[in-house]
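Quick notes on the structure that follows.
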Amino acid sequence: MGVTCVSQMPVTEGKSVQQTVEILTRKLELLGAEKQGTFCVDCETYHTAPSTMGNQGQAAKLMYVMHNSEYPLSCFALFENGPCLIADANFDVLMVKLKGFFQNAKGNKIESRGTRYQYCDFLVKIGTVTMGPSARGISVEVEYCPCVVANDCWNLLMEFMQSFMGSHAPGIPSVFGNKHDSIYSSADTMVQYMELFNKIRKQQQVPVAGIR
């Protein structure tokens, strides 16, 4: 696995989410990128059960349980402002048994699903972010496969993202600032997806205008 940047692409004015995705993928294909199947990243939110919080008026802590089709045998549990636990796929079964401590926030599942593209040393995933039946936004994941140290390849990543995202290419992800010269990991990608999903949840309390 290489260094990865996950960002949001705004919906083009006057276009739907799907039309904007088609515009993006067309630009990628014109560059010479080739389709390499599909991908899916999903996230379910759990909050601490009231019985565990005492009477101090504490705010419920959140935990996000996530899956990524790139890692089919793993499950990721990310705590709010805390560590990322990487477990095996049956962690979901454990969460059912822990319902006395963590309760599923029903109707809060969010996922990004779309197409994978390969372009030279880059792997690009353009996804439609949905909650329930509604499309809420667009995710763009770009991975530079040969490198595992973020500081060594950020300029190259940025240059490539600008080639098809234009002025919407993102700034350096916050997770990179914590890595310095250390090895990039799959957990860093999942933290970026968690941040993106939370951002979209806050932005889109109602579906994006213009969605078909």
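- The shortest non-hydrogen separation linking Tyr184 to Gly2 is CD2-O, 3.3 Å.
- No side-chain heavy atom of Phe176 sits less than 4.5 Å from a side-chain heavy atom of Asp188.
- By the 4.5 Å heavy-atom criterion applied to side chains, Met95 and Tyr46 are counted as neighbours.
- Rounding to the nearest 0.5 angstrom, the gap separating the OH atom in Tyr71 from the CZ atom in Phe76 is 6.5 Å.
- When all heavy atoms of Ile86 and Ala187 are compared, the closest pair comes out as CD1-CB, 4.2 Å.
- Scanning all heavy atoms of the two residues, the minimum distance from Ser74 to His67 falls at O-CD2, 4.2 Å.
- Of all heavy-atom pairs between Ala77 and Met63, the closest is CB-SD, 4.2 Å.
- Ser16 contributes a side-chain N or O that, together with a main-chain N or O of Gln19, makes up a donor-acceptor pair within less than 3.5 Å.
- The backbone N or O of Thr4 lies less than 3.5 Å from a partner atom in the side chain of Gln192, making a donor-acceptor pair.
- Distance check, rounded to the nearest 0.5 Å: CD of Glu34 to SG of Cys120 gives 9.5 Å.
- Summarising the geometry, atom OG1 belonging to Thr45 is positioned 9.0 Å from atom CE belonging to Met66; distances are rounded to the nearest 0.5 Å.
- Of the inter-residue distances, the one linking Ile126 atom CD1 with Lys27 atom NZ reads 10.5 Å to the nearest 0.5 angstrom.
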| said: Is there a side chain to side chain contact (heavy atoms under 4.5 Å, CB included) between Glu195 and Val6? Walk through the geometry before answering. | reply: CA-CA 9 Å; Glu195 292 173 348; Val6 178; over 6 Å; no
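- Looking at Arg136 and Thr128, their side chains never bring a donor and an acceptor atom within 3.5 Å of each other.
- Annotation: side chain of Cys75 is in contact with side chain of Val65 (closest heavy-atom distance under 4.5 Å).
- Considering every non-hydrogen atom in both Glu111 and Cys40, the closest pair reads OE1-SG, 3.9 Å.
- Between the side chains of Glu44 and Asn104, at least one donor N or O lies within less than 3.5 Å of an accepting N or O.
- Interatomic distance, Leu123 CG to Arg116 CZ, rounded to the nearest 0.5 Å: 4.5 Å.
- Nearest heavy atom pair, residue Phe197 against residue Ser112, reads CZ-N, 3.9 Å.
- Lys125 places none of its side-chain heavy atoms less than 4.5 Å from the side chain of Tyr117.
- Ring-centre distance between Phe160 and Tyr119: below the 6.0 Å cut-off.
- The structure places CD1 of Ile172 at 9.5 Å from CG of Leu157, a figure rounded to the nearest 0.5 Å.
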